[in-house]
Amino acid sequence: MNSSIKEVTHWLQSKSNHTLHISKQEEKDLDRIELQLERIEHQEHQEQSIDGYGDHDTLMLHGSGIVITAGHEAPLPNNTYLIGLDGFKSADIQDQQLVLSTERSTYSIKAT
């Protein structure tokens, strides 16, 4: 595991029982998620779906939350949010904020 991914995992684990405000920028698409983090899992070597979508290396954030898109709110499916780590580029970790970049997306995560 990349040492920066270890640091990201450690930071997220330290934010258990906090509310995470996640913004995911992928090309022109912006998703926002609010999640009451209960626990995280790091899964490597996952099978991709039949259409090739999905990452082999993911962080699974477990907890209740909502997805906010185009001003509409919906419950977070399965109380789980996935952060794909394939093509990991960098992570900027501060006390209450994490910015994680991959080849496909940029995640900005703030803990409250």
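Everything numeric here is computed off the predicted structure, so don't read it as measured data. Numbering of residues begins at 1 and proceeds along the displayed sequence.
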Applying the 4.5 Å side-chain criterion to the ILVMFWY set and letting contacts propagate, would L82 and L37 be lumped into a single cluster? no
If I compare all heavy atoms of N79 with all of G65, which pair ends up nearest, and what's the gap? OD1-N, 4.3 Å
T58 and G84: which non-hydrogen atoms are nearest, and at how many Å? CG2-CA, 4.2 Å
Do you reckon I5 sits in the same ILVMFWY cluster as M60, going by side-chain contacts under 4.5 Å, direct or chained? no
Taking all atoms of both residues into account, what is the closest heavy-atom pair of A91 and L98, and its distance? CB-CD1, 4.2 Å
Residues forming a side-chain hydrogen bond (donor to acceptor under 3.5 Å, both in side chains) with E38, sequence neighbours excluded: none
State plainly whether one hydrophobic cluster holds both Y107 and L76, where clusters connect Ile, Leu, Val, Met, Phe, Trp and Tyr through side-chain heavy atoms under 4.5 angstrom apart. yes
Check whether any side-chain heavy atom of D57 lies under 4.5 Å from a side-chain heavy atom of H42, and answer yes or no. yes
Which atom of W11 lies closest to which atom of Q96, heavy atoms considered: CZ2-C, 3.7 Å
Would you give the length of the straight line joining atom OG of S4 to atom CG of L100, rounded to the nearest 0.5 angstrom? 9.0 Å
Test item: side-chain donor near acceptor, H62 and N78, under 3.5 Å: no
How many angstroms lie between atom CD of Q13 and atom NE2 of H10, to the nearest 0.5 angstrom? 7.5 Å
Pair K89, T102 - check side chain to side chain contact (heavy atoms under 4.5 Å, CB included), show working. CA-CA 5 Å; K89 287 182 170 180; T102 67; 5.7 Å; no
Same cluster or not: L61 versus F88, using hydrophobic residues (I, L, V, M, F, W, Y) connected whenever any side-chain heavy atoms lie under 4.5 Å apart? yes
CZ on R39 to CG on N17, rounded to 0.5 Å: 12.5 Å
Please list all pairs meeting salt bridge (charged side-chain N to carboxylate O under 4.0 Å, His left out) that have one or both residues in residues 91-103, counting only residues at least two apart or in different chains. none
Around atom CD of E27, are there more than 12 heavy atoms of other residues, nucleotides or ligands at under 6.0 Å? no
Validation row: I109, K15 side chains within 4.5 angstrom (heavy atoms): no
State, with a plain yes or no, whether a side-chain heavy atom of P77 is found less than 4.5 Å away from one of V67. yes
Check residues 28-35 and write down every donor-acceptor pair under 3.5 Å in which the side-chain atom is one partner and the other belongs to a residue at least two apart or another chain.
none

